[in-house]
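Shown next, in structure tokens, is the structure this report addresses.
Here, residue 1 is the first one in the sequence, and each next residue gets the next number.
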Amino acid sequence: MVLAVIVACEIGFWVILGAGLVARYLLRLRRLGAALLVCVPLVDLVLLGATVIDLRRGATATFVHGLAAAYLGFSIAFGHSMVRWADQRFAHRFAGGPPPWKPPKGGPARVRYEWREWGKAVLAWAVACALLGGGILLVGDFSRTEELVAWVARLTVVIVIWLLAYPVWTTISHRSATE
């Protein structure tokens, strides 16, 4: 059930986002567009509710329950950036807006960009781990929540790889290039 809710929430995110952008730029209904864009985070509440209900009904936590926590963490940390990304492209394509912003290609600006993005990833990790911890406490039975503990380890590996592959590597390569 939770996997279906995750898929439905991902589809719902893009449908609501698209409807908000269509209302804002094509239909010129700014208030409706803004209202729809404000509703985008409600999709996350649906997923959170479905996951909590499933665990409270006695389900053993599975890979999908951990995926739901990771999805929510990512959505909270990167959701605003994703909406801004889509808004810029839609405005440029359909409303004569300026070209969308692009990340810097190199130099100190690229280093700052990579550290900022990693900071968002750390926020996503922290939110996901807090939700996983909350799920463990909610269930109160370690044998039913081992998969949630495994997700904390998975997410930690991902955040360390991200750290090394992007901000640290970009910082080192930038310093090497300037020497």
Side-chain angles (χ1 to χ4, degrees), residues 6-7 9-26 30 33-45 47-48 63-134 148-179:
I6 292 172
V7 171
C9 286
E10 181 65 15
I11 292 168
F13 170 85
W14 291 105
V15 167
I16 294 170
L17 177 59
L21 295 174
V22 165
R24 174 184 270 184
Y25 294 111
L26 298 182
R30 295 241 178 238
L36 287 167
L37 293 176
V38 166
C39 290
V40 168
L42 296 178
V43 171
D44 294 341
L45 294 177
L47 179 56
L48 180 61
F63 181 87
V64 174
H65 291 92
L67 180 63
Y71 176 91
L72 288 166
F74 181 86
S75 182
I76 288 169
F78 288 94
H80 182 71
S81 299
M82 290 169 54
V83 170
R84 185 175 50 243
W85 175 89
D87 185 58
Q88 289 175 352
R89 278 148 185 79
F90 203 93
H92 177 66
R93 176 83 167 100
F94 297 107
W101 178 85
K102 291 182 182 176
K105 293 194 184 286
R110 182 61 184 211
V111 172
R112 282 189 303 277
Y113 170 79
E114 292 298 346
W115 281 103
R116 187 174 52 249
E117 290 301 299
W118 185 73
K120 290 182 207 174
V122 169
L123 174 61
W125 173 85
V127 169
C129 288
L131 290 170
L132 292 165
L148 300 183
V149 174
W151 263 96
V152 172
R154 284 183 194 109
L155 293 173
T156 301
V157 168
V158 168
I159 201 71
V160 169
I161 291 170
W162 189 324
L163 170 67
L164 298 174
Y166 290 95
V168 169
W169 178 257
T170 304
T171 301
I172 291 169
S173 64
H174 169 69
R175 286 192 182 139
S176 297
T178 59
E179 292 175 0

* Locate the shortest heavy-atom distance separating Phe90 from Val22; write the atom from each residue and the value. => CZ-CG2, 3.9 Å
* Is atom CZ of Arg93 surrounded by more than 12 heavy atoms (other residues, nucleotides or ligands) closer than 6.0 Å? -> no
* Asked: Which pair of heavy atoms, one from Ala77 and one from Lys120, lies closest together, and at what distance?
  -> CB-O, 3.2 Å
* Asked: With a 4.5 Å heavy-atom cut-off, do Tyr71 and Asp44 have their side chains touching?
  -> yes
* Taking side chain as C-beta onward, heavy atoms only, is Ile172 less than 4.5 Å from Val168? -> yes
* May I ask you to test the Trp162-Trp125 pair for a side-chain heavy-atom distance under 4.5 Å? => no
* Asked: Run the side chain to side chain contact (heavy atoms under 4.5 Å, CB included) check on Arg89 and Trp101 step by step: do they pass?
  -> CA-CA 9 Å; Arg89 278 148 185 79; Trp101 178 85; over 6 Å; no
* Structure fact -> Scanning both residues in full, the closest heavy-atom pair of Ala121 with Phe78 reads N-CZ, 3.6 Å
* To do: Might you point out which heavy atoms bring Gly66 and Leu132 nearest each other, and give the distance in Å?
  => CA-CD2, 3.8 Å
* Asked: Mind checking whether Val40 and Met82 have side chains closer than 4.5 Å, heavy atoms only?
  -> no
* **Rounded distance (nearest 0.5 Å) linking atom CZ of Arg24 with atom CG of Asp87** => 5.0 Å
* Structure fact -> Smallest heavy-atom separation, Leu48 atom then Leu131 atom, equals CD1-CD2, 4.0 Å
* Please check if the side chain of Trp151 supplies one atom and the backbone of Val64 the other of a donor-acceptor pair under 3.5 Å. => no
* Taking the six-membered ring for Trp, are Trp14 and Trp85 parallel (under 30°), tilted (30 to 60°) or perpendicular (over 60°)? -> perpendicular
* With side chains defined as the heavy atoms from C-beta onward, is the minimum distance between Ile16 and Leu42 less than 4.5 Å? -> no
* To do: Report the distance from atom NE2 of His65 to atom CD1 of Ile6, rounding to the nearest 0.5 Å.
  => 8.5 Å
* To do: Could you tell me whether the side chain of Leu163 reaches within less than 4.5 Å of the side chain of Trp115, counting heavy atoms only?
  => yes
* Would you say the side chain of Ile11 lies within less than 4.5 Å of the side chain of Val7, judging by non-hydrogen atoms? -> yes
* Minimum heavy-atom distance between Val43 and Cys9, given as atom pair plus value -> CG1-O, 3.1 Å
* To do: Report the distance from atom CZ of Arg30 to atom OH of Tyr25, rounding to the nearest 0.5 Å.
  => 6.0 Å
* **Given Arg112, Arg110, Arg175, the one that forms side chain to side chain contact (heavy atoms under 4.5 Å, CB included) with Thr170** => Arg110
